[in-house]
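Reviewing the structure listed below.
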Amino acid sequence: MIFSITSDMDGLAAFNLAAQNGVPALVLGLVTHATLDRFVWPKSLLIKLCAQIPGAILFALIWYLSIIILQSFNSSTLDKDVVLTAFMAPAFIWQMFQGVTLYGLATLASLAVSLNSQIDQLLQRLEEAEERLGETRRPSPRSILVKTQDETQSIEIDNIIIVTGAGDYSELVLKNQTILSTSRLGEFEARLPEDQFIRAHRSHLVRITAIAQTEPAGNGRTTLHLENGESLVTSRSGSRLLKDMVL
């Protein structure tokens with residue numbers, strides 16, 4: 001369209017001239033991506049940067065030579081010698097500027113493709129690692145041993161409703177009793193299955209399946225109604241953790 005508008009040539013001649021410019025640029029762009037992807041992008045940042053200047057110059061020169069060769073063949077006939085006609089100085093400078101610009105666009109596109117491929121590979125490795133971790137992960141324990149002042153008791157995890165920290169002690173509210181343990185809340189958090197308990201507050205661990213109902217408590221907090229009839233207001237961070245678990 002540009003050649004047709006800015007000159008007196010017909011549509012076929014304008015298309016031919018556009019193809020002489022566009023086809024070499026497309027081929028060079030594909031070659032540039034293949035070269036960068038194999039030899040440059042895997043290297044260090046310094047090599048990546050240093051490779052761009054000679055790459056841009058080489059791209060622009062090859063594109064320029066391709067155009068004048070195609071134009072020379074196009075303007076010649078079989079009974080005449082092919083004569084290469086160089087561009088005049090202003091046209092040559094403009095052509096080189098376009099070549100460097102096209103190289104920059106090809107480089108950015110190649111980098112985007114390379115980064116996307118690396119991200120896909122990283123995500124795939126993470127998924128494989130998660131699968132291996134899931135295969136080797138031990139099943140959650142059904143009970144824990146709890147230290148009290150007088151003895152050590154075996155407590156079924158499903159019986160725990162809430163664990164409340166109180167300094168060097170922790171209070172365990174079970175379905176049928178309350179126990180005072182000599183272990184800190186942090187010790188319970190480390191030992192209890194993380195997929196079954198939530199740190200609803202800095203002083204409270206709550207078994208997720210013991211939550212009967214929730215409702216907003218204002219200021220980013222949430223009120224938990226537990227299966228034993230008690231209620232607990234979470235912290236803002238505890239409320240966010242709870243929301244992340246809701247489907």
Taking the side chain as C-beta and beyond, is there a heavy-atom pair between Val31 and Thr35 under 4.5 Å? yes

Determine whether Ile57 and Ile68 fall in the same hydrophobic cluster, where Ile, Leu, Val, Met, Phe, Trp and Tyr are linked whenever their side-chain heavy atoms lie under 4.5 Å apart. yes

Decide if the gap between the ring center of Phe188 and the ring center of Phe197 is smaller than 6.0 angstrom. no

When hydrophobic residues are tied together by side-chain contacts of less than 4.5 Å, even through go-betweens, does Leu224 share a cluster with Val173? yes

By side chain to side chain contact (heavy atoms under 4.5 Å, CB included), which residues pair with Ala217, not counting sequence neighbours? Arg221, Thr223, Val233

Step through the shown structure and confirm whether more than 12 heavy atoms of other residues, nucleotides or ligands are within 6.0 Å of CD1 on Ile2. no

Given side-chain contact (heavy atoms from CB on, under 4.5 Å), test Ile208 with Gln196 step by step and report yes or no. CA-CA 6 Å; Ile208 298 171; Gln196 298 185 38; 5.7 Å; no

In terms of hydrophobic clusters joined by side-chain contacts under 4.5 Å, are Val163 and Ile211 together? no

Sidechain-backbone polar pair: Arg191 side chain, Leu145 backbone, donor-acceptor under 3.5 Å: yes

Working to the nearest 0.5 Å, report the span between CD of Glu171 and OG of Ser181. 11.0 Å

Do Ile162 and Leu232 come close enough that some side-chain heavy atom pair is under 4.5 Å? yes

Kindly work out whether a path of hydrophobic side-chain contacts (I/L/V/M/F/W/Y, heavy atoms less than 4.5 Å apart) joins Ile161 to Leu185. no

Within a reach of under 6.0 Å around NZ of Lys175, are more than 12 heavy atoms found that belong to other residues, nucleotides or ligands? yes

Straight-line distance of Thr6 OG1 to Met1 CE, nearest 0.5 Å: 11.5 Å

Between Val113 and Leu111, is any pair of side-chain heavy atoms under 4.5 Å apart? no

Using 0.5 Å steps for rounding, measure from the OG1 atom of Thr209 to the CG atom of Leu226. 10.5 Å

Pairs of donor and acceptor atoms involving the side chains of residues 149-157, under 3.5 Å and at least two apart or interchain, shall be tabulated with distances.
unit_1: Glu151; atom_1: OE2; unit_2: Gln153; atom_2: NE2; d: 3.3

Enter the distance from Gln124:CD to Asp120:CG here, rounded to the nearest 0.5 Å. 8.5 Å

Listed pairs under 3.5 Å, donor-acceptor, residues 91-109 side chains, sequence neighbours left out:
unit_1: Thr101; atom_1: OG1; unit_2: Phe97; atom_2: O; d: 2.9
unit_1: Tyr103; atom_1: OH; unit_2: Gln52; atom_2: OE1; d: 2.9
unit_1: Thr107; atom_1: OG1; unit_2: Tyr103; atom_2: O; d: 2.8

Short question: side chain of Trp41, backbone of Lys48 - any donor-acceptor pair under 3.5 Å? no

Got a sec: does the CD1 of Ile53 have more than 12 other heavy atoms crowding it under 6.0 Å? no

Side-chain donor/acceptor of Ser231 to backbone N/O of His225, under 3.5 Å: no

I'd like to know whether Thr182 forms a side-chain contact (heavy atoms from CB on, under 4.5 Å) with Thr148, so could you lay out the CA-CA distance, the side-chain angles of the two residues, the decisive distance to 0.1 Å, and finally the verdict. CA-CA 5 Å; Thr182 56; Thr148 64; 5.8 Å; no

Does any non-hydrogen side-chain atom of Gln20 lie less than 4.5 Å from one of Leu17? yes

Derivation of the side-chain hydrogen bond (donor to acceptor under 3.5 Å, both in side chains) call for Thr234 and His201: CA-CA 5 Å; Thr234 69; His201 189 276; over 6 Å; no

With Arg184, which residues qualify under salt bridge (Lys or Arg N to Asp or Glu O under 4.0 Å), at least two apart? Asp168

Does the side chain of Leu192 come within less than 4.5 Å of Ile160's, by heavy atoms? yes

Nearest heavy-atom approach of Ser183 to Ser170 is O-OG, 2.8 Å

Applying ring-ring contact (aromatic ring centres under 6.0 Å, His included), can you list everything that pairs with Tyr169, at least two apart in sequence or on another chain? none

If hydrophobic clusters are built from ILVMFWY residues whose side chains come within less than 4.5 Å, do Met245 and Val206 share one? yes

Should we say atom CZ of Phe87 is surrounded by more than 12 heavy atoms from elsewhere, each under 6.0 Å from it? yes

Side chain proximity check, Cys50 to Ile47, heavy atoms < 4.5 angstrom: no

Residues in salt bridge (Lys or Arg N to Asp or Glu O under 4.0 Å) contact with Glu189, at least two apart in sequence or another chain: Arg199

CA sep, side-chain torsions, deciding dist, call: His33, Leu30, side-chain contact (heavy atoms from CB on, under 4.5 Å): CA-CA 5 Å; His33 166 62; Leu30 296 175; 5.8 Å; no

Can you tell me how far CG of Leu36 sits from OG of Ser110, rounded to the nearest 0.5 angstrom? 4.5 Å

Which value, rounded to the nearest 0.5 Å, describes the distance between Arg236 atom CZ and Thr222 atom OG1? 11.5 Å

